[in-house]
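For the single chain, residues carry numbers from 1 onward in sequence order.
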Amino acid sequence: MFKFRRLITGLLVVMFCMASVVKLTDQIDNNAHQIMKKEFSRFAKVNPLTLLFKVSLDPVKFMKGYGIIEGIIGVLLLIGTKPVRLMASFAGLVIMGTTLQMLIVLGDPKFTLIPASFASICLLLNIYLVATRPEEPETREKME
């Protein structure tokens, strides 16, 4: 079970950190960064803030904000304590749910939903594995 939990956490960390890097800089993969810019110009028109509250968003700032949040989630999943990993997983679910909502509203082909759906399933599994994990034993310094 320990190896499986580590595998799921590793997958999530890689997915969120890679997505973050692509959104924040064009130094790694310029082509992917340009594609993200085009996608976020579409996402800015159909995100929940725009649909519900009529707030217009700058697509570049929206993309950078999304990238920063994804990077923070990836780091917290890697180094956070149990409650922090749970909160990061819930935040990741919100991000993935928002992404799925925007793709569905845009009418994109169903296969474009696969990455966000896969990440959501991994996040739900991660929440279960972290929540059911027994508490870590006290360290020697705490015992003395």
Requested in this report: Could you note down all residue pairs passing ring pair (Phe, Tyr, Trp, His ring centres under 6.0 Å) where residues 70-99 supplies at least one of them, sequence neighbours left out?
Outcome: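 Listed once each, the pairs would be none.
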Requested in this report: Using the ring pair (Phe, Tyr, Trp, His ring centres under 6.0 Å) rule, collect all pairs that involve residues 9-56, keeping only residues at least two apart or in two chains.
Outcome: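 For residues 9-56: Phe40-Phe43, Phe40-Phe62, Phe40-Tyr66.
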Looking at [X] and [Y], would you say the former's side chain and the latter's main chain have a donor-acceptor pair under 3.5 Å?
X: Lys23; Y: Lys64; result: no
X: Lys54; Y: Leu49; result: no
X: Ser120; Y: Met96; result: no
X: Thr9; Y: Leu78; result: no
X: Arg85; Y: Gly80; result: yes

Separation of [Y] [atom2] from [X] [atom1] (nearest 0.5 Å):
X: Ile8; Y: Asn126; atom1: CD1; atom2: CG; result: 7.5 Å
X: Met18; Y: Ile28; atom1: CE; atom2: CD1; result: 10.5 Å
X: Leu123; Y: Met15; atom1: CG; atom2: CE; result: 7.0 Å

Taking the side chain as C-beta and beyond, is there a heavy-atom pair between [X] and [Y] under 4.5 Å?
X: Ile127; Y: Val130; result: no
X: Thr81; Y: Val84; result: yes
X: Ile72; Y: Ile68; result: yes
X: Lys110; Y: Leu113; result: yes
X: Lys37; Y: Pro59; result: no

Linked, directly or transitively: [X] and [Y] (ILVMFWY side chains, under 4.5 Å):
X: Leu103; Y: Ile69; answer: yes
X: Phe2; Y: Leu11; answer: no
X: Phe118; Y: Tyr128; answer: yes
X: Met36; Y: Phe111; answer: no
X: Met63; Y: Leu24; answer: no

Between [X] and [Y], which heavy-atom pair has the shortest distance, and what is it?
X: Ser89; Y: Leu77; value: OG-CD2, 3.4 Å
X: Ala116; Y: Thr99; value: CB-CG2, 4.3 Å
X: Ile73; Y: Ala88; value: CG2-O, 3.6 Å
X: Met102; Y: Asn47; value: SD-CB, 3.6 Å
X: Ala119; Y: Leu12; value: O-CD2, 3.9 Å
X: Val75; Y: Cys17; value: N-SG, 4.4 Å

Requested in this report: Inspect the surroundings of NZ in Lys61 and state if more than 12 heavy atoms from other residues, nucleotides or ligands are less than 6.0 Å away.
Outcome: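 Incorrect, the count does not exceed 12.
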Query - Residue among Leu106, Ile104, Val105 satisfying side-chain contact (heavy atoms from CB on, under 4.5 Å) with Asp108 - result: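 Only match with Asp108 under side-chain contact (heavy atoms from CB on, under 4.5 Å): Leu106.
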